[in-house]
Q: 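There's a structure below that I have some questions on.
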Amino acid sequence: MPFIPHTEEDIQEMLTAIGVDSIDALFDEIPDELRCGELDEIPAGMPEMEVSRLMQGRARQDGQPLCFLGAGAYDHHIPAAVWQLTTRGEFYTAYTPYQAEASQGTLQLLYEYQSMMTALTGMDVSNASLYDGASALAEAVLMAVRGNRKSKSGRILVPRTLHPLYRRVTHSIVRNQGIELVEIDYDSESGQVDLSSLEQHAGEDFAALVIPQPNFFGVLENTDRLTDWAHANGMLAIAVVNPLAMSILKPAGEWGESGADICCGEGQPMGAPLASGGPYFGFLCCREKLVRQMPGRIIGKTVDLDGKPGYALTLQAREQHIRRSKATSNICTNQGLMVTAATIHMAIMGGEGLQRVAAACHANTKKLAQTLCDLPQVESPFTGPVFHEQVLRLPLAAKDALRALAAHNVLGGFDLSDDYPELENAILVCATELRSDEEIEQYRSKLERVIAAQVQTPCQLKPDW
Amino acid sequence: MPFIPHTEEDIQEMLTAIGVDSIDALFDEIPDELRCGELDEIPAGMPEMEVSRLMQGRARQDGQPLCFLGAGAYDHHIPAAVWQLTTRGEFYTAYTPYQAEASQGTLQLLYEYQSMMTALTGMDVSNASLYDGASALAEAVLMAVRGNRKSKSGRILVPRTLHPLYRRVTHSIVRNQGIELVEIDYDSESGQVDLSSLEQHAGEDFAALVIPQPNFFGVLENTDRLTDWAHANGMLAIAVVNPLAMSILKPAGEWGESGADICCGEGQPMGAPLASGGPYFGFLCCREKLVRQMPGRIIGKTVDLDGKPGYALTLQAREQHIRRSKATSNICTNQGLMVTAATIHMAIMGGEGLQRVAAACHANTKKLAQTLCDLPQVESPFTGPVFHEQVLRLPLAAKDALRALAAHNVLGGFDLSDDYPELENAILVCATELRSDEEIEQYRSKLERVIAAQVQTPCQLKPDW
Amino acid sequence: MIYEQSRSGRQATAQTNFEMPALPDIPQELLREQPAGLPEVSEMQAVRHYTRLSQKNFSIDTHFYPLGSCTMKYNPRACNSLASLPGFLSRHPLAPDTHSQGFMACMHELQEILKHVTGMHAVSLSPAAGAQGEFAGVAMIRAYHDARGDDARTEILVPDAAHGTNPASAVMCGYKAREIPTGQDGDIDLEALKEVLGPQTAGIMLTNPSTVGVFERRIKEIAGLVHDAGGLLYYDGANLNAILGKVRPGDMGFDVIHMNLHKTFSTPHGGGGPGAGPVGVSQRLEPYLPVPMVDFDGSDYVWLTEKERSDTIGRLSAFAGNAGVLLRAYVYARLLGREGMHRVAEFSSLNANYLLKRLMEAGFDAAYPERRASHEFILTLKKQAKELGVNTMDFAKRMLDYGVHAPTTYFPLLVPECLLVEPTETEAKEDLDDFVEIMKTIKQEAETQPELVKQAPHTMPVRRLDDVRAARELDLAWKGQE
Amino acid sequence: MIYEQSRSGRQATAQTNFEMPALPDIPQELLREQPAGLPEVSEMQAVRHYTRLSQKNFSIDTHFYPLGSCTMKYNPRACNSLASLPGFLSRHPLAPDTHSQGFMACMHELQEILKHVTGMHAVSLSPAAGAQGEFAGVAMIRAYHDARGDDARTEILVPDAAHGTNPASAVMCGYKAREIPTGQDGDIDLEALKEVLGPQTAGIMLTNPSTVGVFERRIKEIAGLVHDAGGLLYYDGANLNAILGKVRPGDMGFDVIHMNLHKTFSTPHGGGGPGAGPVGVSQRLEPYLPVPMVDFDGSDYVWLTEKERSDTIGRLSAFAGNAGVLLRAYVYARLLGREGMHRVAEFSSLNANYLLKRLMEAGFDAAYPERRASHEFILTLKKQAKELGVNTMDFAKRMLDYGVHAPTTYFPLLVPECLLVEPTETEAKEDLDDFVEIMKTIKQEAETQPELVKQAPHTMPVRRLDDVRAARELDLAWKGQE
Ligand SMILES: Cc1ncc(COP(=O)(O)O)c(C=O)c1O
Ligand SMILES: Cc1ncc(COP(=O)(O)O)c(C=O)c1O
């Protein structure tokens, strides 16, 4: 009986103590007609050895293609120490730290995390995580609607330069509360928020303006100007940032005259492997004045009976387990273990270490884009400065190019044509610090072949390789 | 400076405190002419990210061929828990437990290990490990020479059914002390020790007889008879056993009338991965009366000042750090971490669990041998019962067959022709519990092709594939 | 504090032992002036700090942890290592299907297993935790009513004993949450339910066994009543461990369910998460399931997204949810198989009923003494609190001194001075017996030296913490050495 | 004790959840009657037991561990994960060269790095630890003399301060070990050396810096004397950390050296091992190196075995030694590179000299106050022992209470009441300063409340253990519940 320690003798003694004949008798309050049968559709149990074989085969099956794909999930080096520590049983198998005295490990770590995130973003406070970057933005939007007392509209300005999946997730989550996301277009030259589209909404009632940095095109927005514009128009400024980019960029808390009000994003670049998209974690920071609108766990430092410092969950009156239907959110379980990894990751990398990584990503992406733009008819449509992703326009359909590259075991980037058809054959490429010069050259030479094949024999476009 | 925490300020303060100008001044007692230069032949340091890339490439390069090779190192399933626990920093980065009070984790674990090994082998006491199975046998031989007061010859009877590498290692280690290993032949029908060759030495002065179980051919020896013969002839009986086999076989401590005197072997099947041959660990158990002849660490249970049980290194007067040139051995560092893994492995598997694994190995090897013997001209030369390895004779040179199989990514077994040329084209095969029916069939079909190729076009023997 | 070990200029340079490229093309006004104020420590300092910090936690791997409603059972180590195989860790979430068949096969099979074990018609794996599953479920209820033009339904009913996420999730979906009372016997007050049911009822959220630890016997009748009123039934699967392989929510009449894989399927809780909260639905809610989902087209596994499923409530996270958690749950499901799943309910119930019986014999009061325990049960220390002035919190803190994590305290709210105890199936009888002895000892201490208990814990890294100060003098981030 | 949790019939069945095949073809008399008496526990019990047990250890990952002669420095976690890549773990030791080039490339490069950093002519990696390296080294010395027919050499000289393995290894090779005294200044007594050198001298084993923590200044002179007498020089590389990248044993005139990779190359000590003790030799000893070794033939890596190297002293373990440890050392060497290696000696010396200086200021006596410390140094607590009745062992035990592992005590034997302190380069200045404060505190305690120190430790899982009883009433294995 996998994972069940009971011996026959134990079972008999326990049944006797309870005063029943059989284990089945323990279910006697359940109406007979509800009892289910053998569940034959579920496979029989297997020993660990066989499950291992199965999973090894499955994992191998997917190959490990060369990754130039970002679009919200980035292939970074993670120091070996990070996960060797994170998977220690004491972190891995603890529950949410409800009993503070028996959970100082997790609690102190989370306090350290909050400290690091506020340092990185320049905000006053941080919570202890949300599910992922996209749902964190949804929570930030809800927070802004609650927090912006002046606005009654429940409307939010969202640029099209924001990740399309983030826009969809936010919409799915906030629409049932009647909140409306209003999109603003981008400048087709710079790839940044189009200031004239923005200006059209000046003076209207919006709870907040969402400001991505970098934006989905990899381009850096003029965050000072956008933040000040939002504030001037009675809106809160919600920053959606890449935490690695924050290590070199002006932190959200310092944008414009008075800084962003809320800063959220995807924590994955801080120690989470790509891992099919999760678990990652959403981070959420804000100005002190908004702290009571925050969703999720928050850890506070306090003292014990002897005056010794200690850590505990605090401001729980915001949360569902205390406030129930009046809570700031329904979130309960968050992404604690990912935060554990992120905290250790940030502690090991340090502020300057992250800068080196960020700068290396930037340099590699520039190198990649230049290398690819040397190919005939490959060009970079936007002029705005980028962080570690860049849009490229190809001489063939993005879908076809990417499929052909994948057949060569190269993940060539993100196909922009569904979300931004006006960009035509555009893809979004990314080269993190992990990509070597040889790998960049590999991409170039494969793309060259793909383009050549396309030009010469268009019928071969549907890859049969 | 990788792994060096000193800031510039630290360095200056420390130099000032010491009263020198520079770090270099700390080496002022070293004659100038001895100082070496820049060591340009050593490559420059690399960040962890690059070393990771390098090592991933190297590890991938060697493939993961299908393994039917044993010959002293076996491909077993290891429960995932084993190494996740073993690599916890508190086990992984501790030193030998010299300060008992600060090392109760390691010490208690080692005491548990000793308890498990004595249970498995049926011996009275166990040490806390030696380097590997082969060197453990060398130590057992030295121990027997010291321990057998009646024998003066320094001679040891060693059957040819013992692993040839074990014979070589033992020879390398004991020969400088003038100890002689005398070989006895095997019965060409059964594959067991040849009793008549043995009988020739009856009455001669030998310190010990070495008894492998199973022997190198995978065949089970008649251990009762051999043990009794040794004792009747004034020799100690040294058992060399596979610990997994011990889970189903009569334990060495119960062999014959009074049991083996010393029992040693390779611990690898208890939780150590194949890993290119190491680290594994040698185990060494003996009768209580020989305990003061034992080499290596031994842990004893005792009490503290309050009478509370605790564990400590004991009988240290046998060891080099106390007895120096009169120690039972020069061993100091042993294979503690492998023992940690083995202890956890045995605790999780339990006695019955190990039996299941052993029986599955046995059944798989029988299945493999039968399947292969269905091929034309493949036969099994020995009649003795086997554990989980078996000798097969092929219709082509073993070297060629194995090379051809390897080109098909199958490790087909161990080539016996160098060590036992009289067996002709013989190989030693092994199918552990990990080998599935499909894999056995894969071996069969590849061997079939190899044999067919050989028969039809002998010129193709030298594989150019 | 890691910051206390920080020194300006210190670095774990094995990580960043490379040149820092310049950033000439990024305008100065977009750059930060100083590196972020993260700790500056060596790699060893970080390793040592976090290793020692971890040792200050109670966890499944170190302690009995009978935290009711949380199903803290053994998290098999194989789940961790197999979900962490390099092929899985390196898979980009947007990798094309050609490079995803292995992963997608696992997901599809997990969908199928969860379908069968809950008796639902279809499953989507994407919700990241129980609460997000609840959100998805209620959003689907809303989408269903909306699709039928039945848009006057404004209320979701929740029992007063329900978990806080239930009403909170209803509100997130734009509903009002309306409480219904629990009867004396732990079952829902059926009369009260009948009274509040009506055309404004969008649905009801139930846990069964309920959060008071007993099986709602008249579930079929409730289902009938709610359905008759035009509402749908939501099953909060947090307590699925009690009935796994014994009864299926689908058979009870539920329309939608979420499962906490970090409970019933034993993925680790990680000190707060991540979890996974897949949702299962009956046929009529199937079109609304959150995306993405995995389908098998006869030869390949394919993703179903907004494109293929236009009625979906949408996407709840950027990618496919907590994939790594789902892989762990999949491994667990394959290790257990169908027989193993039956045994989960059997032995978690055996342990709970045994422990309850022994504690009652030891003089503790059950909240529902006439009822079978499910996989958990409630004690009430009302008597002790009143007679000895030692309350549930004191008991809980004292337990820590005895090396047992406290059960859930003061939840559900309707039972005064309650302890919700869930031993789970992976604990041995000896551990339950030890727990009984500890409870007896604390009771005796409460009688003879109440201060000892009221001041507990005494052996933890800190003594009892000042929560009021934590909330009043907010200190939420390190501001430098004081 | 894990056995105390054992119950007959309990099993961790996720591992062995399969039919037990019969064994019809094995004769009954060869089979055992009962399963071996191993513990019968659940997987969770094992996990919990060994997790908690581990927490009772001091270790580098948790504590400052200045154990002299042991070089307890940070063990980079990358070394562990990269040596544990599936490709490396699954490689069979007898796999053909076609399936071994990746592994062999690492081994060959490691041989080269070790050659260059020690200044030797050739290196074999196979010895499993320092002592086995010593054995190999002395066996090569013997093989060398034997090959020249110079077989009257019966003695190996070892300083009185030498590690116990030195004389023991000499004896394992059939030699007599003869001690030579250390002078007042910590260097070898050269006159005494001259006296014992002669035609019976096979060689001398030295550590430099020596085990008294100072650099043997007249090493060149010693080398000349020994060589003139026809003997060879053995370098015990346990203290290589002190000179890595600064001085090379080959340049000092040594003929053979072993290196403790589990010290200088920072592979973990694992609570007792495994280590790795590669040997390097001068040209004349090259033919005798232990096998196997890795060679590069211009296109492929190939093994050198007994076949190719007929003069070898042979094979010391069945396969190629502690391969996994060697991989860890290789990773470490690549992370550090040549610059990193220079810094090892620099910063380990800086730390040692700083700590010594501060402790002397605090009133502690250095054994060799006039000398530079190398990477370690010796204090003598003679004065304290005499005046206060608090000896070195008491100091050591009290340190544990302050969260620092004790330095090596009572070694080397020639310095009374000594502590051999080796901070290593990976400790931060703050930790050294803390150590000084702790030593001061204990000194003060020894003066004012000596019993507190003599009874120490007070905060460990056990108090001081009865070693005499351990040796007298031998209890070496669990014999069942008493
Ligand atoms: C009864 C019940 N419902 C819902 C939840 C919410 O699940 P989660 O924490 O995964 O969001 C929980 C667990 O916390 C619970 O116990
Ligand atoms: C000076 C010295 N020589 C030799 C050794 C022996 O090395 P090992 O323990 O690896 O056998 C040691 C370490 O214990 C040592 O400190």
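Naming convention: chains lettered A, B, ... in sequence-line order (proteins, then strands); numbering from 1 in each chain. Note that the structure is a prediction, hence the values are computed from the model and not measured.
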Q: Checking C/His163 against chain A: side chain, backbone, both or neither under 4.5 Å from a heavy atom?
A: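 It is both, since atoms from each part get that close.
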Q: Are side-chain heavy atoms of C/Leu30 and A/Ile248 found at a separation under 4.5 Å?
A: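 When only atoms from C-beta onward are counted, A/Ile248 and C/Leu30 do not touch, as no gap falls below 4.5 Å.
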Q: Spell out, as yes or no, whether a donor-acceptor pair under 3.5 Å connects the side chain of A/Glu90 to the backbone of C/Gln55.
A: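 No, the answer is negative, given that no donor and acceptor are paired below the 3.5 Å cut-off.
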Q: Please find the pair of heavy atoms, one from A/Ala119 and one from C/Tyr3, that lie closest to each other, and give the distance.
A: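 Shortest heavy-atom separation between A/Ala119 and C/Tyr3 comes out as CB-OH, 4.2 Å.
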Q: Ignoring hydrogens and angles, tell me if any N or O in the side chain of C/Ser59 forms a donor-acceptor pair with the backbone of A/Thr93 under 3.5 Å.
A: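 Flag not set: sc C/Ser59 to bb A/Thr93 has no pair under 3.5 Å.
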Q: Can you name the nearest heavy-atom pair linking C/Ile2 to A/Ala347, along with the distance?
A: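 Shortest heavy-atom separation between C/Ile2 and A/Ala347 comes out as CG1-CB, 4.3 Å.
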Q: Using non-hydrogen atoms only, which part of A/His171 is less than 4.5 Å away from chain C: side chain, backbone, both, or neither?
A: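 Looking at A/His171, nothing touches chain C.
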Q: I'd like to know if C/Arg463 pairs up with A/Glu101 as an ion pair, taking the criterion as any Lys NZ or Arg NE/NH1/NH2 lying under 4.0 Å from an Asp or Glu carboxylate oxygen.
A: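 Salt bridge flag = no for A/Glu101 with C/Arg463.
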Q: When you measure from the side chain of C/Ser54 to the backbone of A/Phe91, do you find a donor-acceptor pair of N or O atoms at a distance under 3.5 Å?
A: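 Between the backbone of A/Phe91 and the side chain of C/Ser54 there is no qualifying donor-acceptor contact (under 3.5 Å).
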Q: Could you grab the distance from atom CE of C/Met20 to atom CD of A/Glu352, nearest 0.5 Å is fine?
A: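 C/Met20 atom CE to A/Glu352 atom CD measures 7.5 Å (nearest 0.5 Å).
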Q: Under the 3.5 angstrom rule, does the side chain of C/Asp466 hit a backbone N or O of A/Val303 as a donor-acceptor pair?
A: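 Looks like no, no N/O pair under 3.5 Å.
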Q: Are any of the side-chain nitrogens in A/Lys366 or C/Asp25 under 4.0 Å away from the carboxylate oxygens of its partner?
A: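 Yes, A/Lys366 and C/Asp25 are salt-bridged.
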Q: Counting only heavy atoms closer than 4.5 Å, note whether A/Phe414 contacts chain C via side chain, backbone, both or neither.
A: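 When you check distances to chain C, only side chain atoms of A/Phe414 fall under 4.5 Å.
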Q: Any side-chain donor paired with an acceptor under 3.5 Å for C/Arg91 and A/Ser276?
A: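 Short answer, yes.
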Q: Tell me, side chain or backbone of A/Thr343 under 4.5 Å from chain C's heavy atoms, or both, or neither?
A: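 A/Thr343 touches chain C through backbone and side-chain heavy atoms alike.
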Q: Are C/Pro27 and A/Pro385 side-chain neighbours, meaning at least one heavy-atom pair lies under 4.5 Å?
A: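 Yes - at least one pair of side-chain heavy atoms lies under 4.5 Å apart.
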Q: Taking only residues two or more places apart in sequence, or in another chain, which ones meet A/Glu112 in a side-chain hydrogen bond (donor to acceptor under 3.5 Å, both in side chains)?
A: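 Expected list: A/Gln108, C/His49, C/Tyr50.
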Q: For chain A, which candidate among C/His92, C/Gln15, C/Met460 shows the most heavy-atom pairs at distances under 4.5 Å?
A: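 Among the listed options, the one with the most contacts to chain A is C/His92.
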Q: Under 6.0 Å from the CD atom of C/Gln34, do we count more than 12 heavy atoms belonging to anything else shown?
A: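 Not buried by this count: 12 neighbours or fewer within 6.0 Å.
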Q: Side chains of C/Leu85 and A/Met55: does their closest heavy-atom pair fall under 4.5 Å?
A: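 Yes; the side chains approach each other to less than 4.5 Å.
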Q: Is A/Glu38 close to chain C through its backbone or its side chain, or both, or neither, when contacts mean heavy atoms under 4.5 Å?
A: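 For A/Glu38, heavy atoms of backbone and side chain both lie under 4.5 Å from chain C.
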Q: Give, for atom CD1 of A/Ile348 and atom OG1 of C/Thr16, the distance between the pair rounded to the nearest 0.5 Å.
A: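 If we round to the nearest 0.5 Å, A/Ile348:CD1 and C/Thr16:OG1 are 11.0 Å apart.
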Q: So C/Phe411 and A/His321, ring pair (Phe, Tyr, Trp, His ring centres under 6.0 Å) or not? Walk me through it.
A: CA-CA 9 Å; C/Phe411 174 82; A/His321 63 287; 9.3 Å; no
Q: Check whether A/Ala363 gets within reach of chain C through its side chain, its backbone, both or neither, counting any heavy atom under 4.5 Å.
A: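 Just the side chain, heavy atoms under 4.5 Å.
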Q: How far does CG of A/Leu39 sit from CZ of C/Arg338, to the nearest 0.5 angstrom?
A: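 Those atoms lie 9.0 Å apart.
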Q: Short question: side chain of A/Tyr111, backbone of C/Leu476 - any donor-acceptor pair under 3.5 Å?
A: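 No; zero donor-acceptor contacts below 3.5 Å.
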Q: Heavy atoms only, distances under 4.5 angstrom: which of C/Glu29, C/Met341, C/Glu43 has the most pairs with chain A? Name it, please.
A: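 Heavy-atom pairs under 4.5 Å are most numerous for C/Glu29.
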Q: Give me the atom names and distance for the closest heavy-atom approach of C/Ala318 to A/Val169.
A: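 Where C/Ala318 meets A/Val169 most closely, the heavy atoms are N-CG2, 3.8 Å.
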Q: Measure distances from C/Glu427 to the heavy atoms of chain A and classify the residue's part below 4.5 Å as side chain, backbone, both or neither.
A: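 Looking at C/Glu427, just its backbone touches chain A.
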Q: Between the main-chain N or O of C/Gly271 and the side-chain N or O of A/Thr96, is there a donor-acceptor pair closer than 3.5 Å?
A: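 It does not hold such a pair.
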Q: Kindly assign one of parallel, tilted or perpendicular to the pair A/His6 and C/Phe347, based on the angle between their ring planes and the thresholds 30° and 60°.
A: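 If you compare the ring of A/His6 with that of C/Phe347, the planes turn out tilted.
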Q: Test your reading of the model: is there a side-chain donor-acceptor pair from C/Tyr65 to the backbone of A/Tyr95, 3.5 Å cut-off?
A: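 Side chain of C/Tyr65 to backbone of A/Tyr95, a donor-acceptor pair under 3.5 Å: yes, one is there.
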Q: Sub-3.5 Å donor-acceptor pair from the side chain of A/Gln320 to the main-chain atoms of C/Thr165, do we have one?
A: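 Answer holds: yes.
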Q: Going from CD1 on A/Ile298 to CG on C/Leu474, what distance comes out if it is rounded to the nearest 0.5 angstrom?
A: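 Interatomic distance, A/Ile298 CD1 to C/Leu474 CG, rounded to 0.5 Å: 8.0 Å.
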Q: Let me know if C/Pro21 has heavy atoms under 4.5 Å from chain A in its side chain, its backbone, both or neither.
A: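 Backbone plus side chain of C/Pro21, per the 4.5 Å heavy-atom cut-off to chain A.
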Q: In plain terms, say whether C/Glu306 and A/Arg168 are close enough for a salt bridge, that is, a side-chain N and a carboxylate O under 4.0 Å apart.
A: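 Here C/Glu306 pairs with A/Arg168 in a salt bridge, since their nearest N and O are under 4.0 Å apart.
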Q: For chain A, which of C/Glu112, C/Lys357, C/His116 has the most heavy-atom pairs under 4.5 Å?
A: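 Option with the top pair count is C/His116.
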Q: Looking only at heavy atoms, which two atoms of C/Leu38 and A/Gly351 are closest? And how far apart?
A: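 Between these two residues, the closest heavy atoms are CB-N, 3.7 Å.
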Q: Heavy-atom pairs under 4.5 Å with chain A: which of C/His63, C/Arg371, C/Lys73 has the most?
A: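 If we count pairs closer than 4.5 Å to chain A, C/Arg371 comes out on top.
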Q: Test your reading of the model: is there a side-chain donor-acceptor pair from C/Asn57 to the backbone of A/Gly105, 3.5 Å cut-off?
A: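 Confirmed, C/Asn57 side chain pairs with A/Gly105 backbone.
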Q: C/Ala95 versus chain A, heavy atoms under 4.5 Å apart: side chain, backbone, both or neither?
A: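 It is both, since atoms from each part get that close.
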Q: Just by modelled atom types, is the A/Met246 backbone N or O under 3.5 Å from a matching donor or acceptor in the C/Arg32 side chain?
A: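 Yes, C/Arg32 side chain to A/Met246 backbone: donor-acceptor pair under 3.5 Å.
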Q: Counting only non-hydrogen atoms closer than 4.5 Å, does A/Leu354 touch chain C with its backbone (N, CA, C, O), its side chain (CB onward), both, or neither?
A: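 Just its side chain gets close to chain C.
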Q: Do A/Met14 and C/Lys429 come close enough that some side-chain heavy atom pair is under 4.5 Å?
A: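 Sidechains of C/Lys429 and A/Met14: in contact.
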Q: Using non-hydrogen atoms only, which part of A/Glu254 is less than 4.5 Å away from chain C: side chain, backbone, both, or neither?
A: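 For A/Glu254, neither part sits under 4.5 Å from chain C.
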Q: Looking only at heavy atoms, which two atoms of A/Glu29 and C/Arg372 are closest? And how far apart?
A: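 For A/Glu29 and C/Arg372, the tightest heavy-atom pair comes out as OE2-N, 2.9 Å.
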Q: Could you state the interatomic distance from OG1 (C/Thr426) to CZ (A/Phe3), rounded to the nearest 0.5 Å?
A: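 Rounded to the nearest 0.5 Å, the OG1-CZ separation comes out at 9.5 Å.
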Q: Using heavy-atom distances under 4.5 Å, tell me whether C/Glu339 contacts chain A through its side chain, its backbone, both, or neither.
A: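 For C/Glu339, the contact with chain A is made by the side chain alone.
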Q: What part of A/Asp40 gets closer than 4.5 Å to chain C, counting heavy atoms only: side chain, backbone, both or neither?
A: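 Both parts, backbone and side chain.
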Q: Rounded to the nearest 0.5 Å, what separation is found between the CG atom of C/Leu465 and the NZ atom of A/Lys301?
A: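 Reported to 0.5 Å precision, the distance equals 12.0 Å.
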Q: Going by an N to O cut-off under 4.0 Å, is there a salt bridge joining C/Lys246 and A/Asp24?
A: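 Looking at C/Lys246 and A/Asp24, the cut-off is met.
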Q: Check each atom of C/Lys220 against the heavy atoms of chain A and say whether the ones under 4.5 Å are side chain, backbone, both or neither.
A: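 Answer is side chain: those atoms of C/Lys220 sit under 4.5 Å from chain A.
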Q: Where on A/Arg60 is there a heavy atom nearer than 4.5 Å to chain C: the side chain, the backbone, both, or neither?
A: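 Answer is neither: A/Arg60 stays 4.5 Å or more from chain C.
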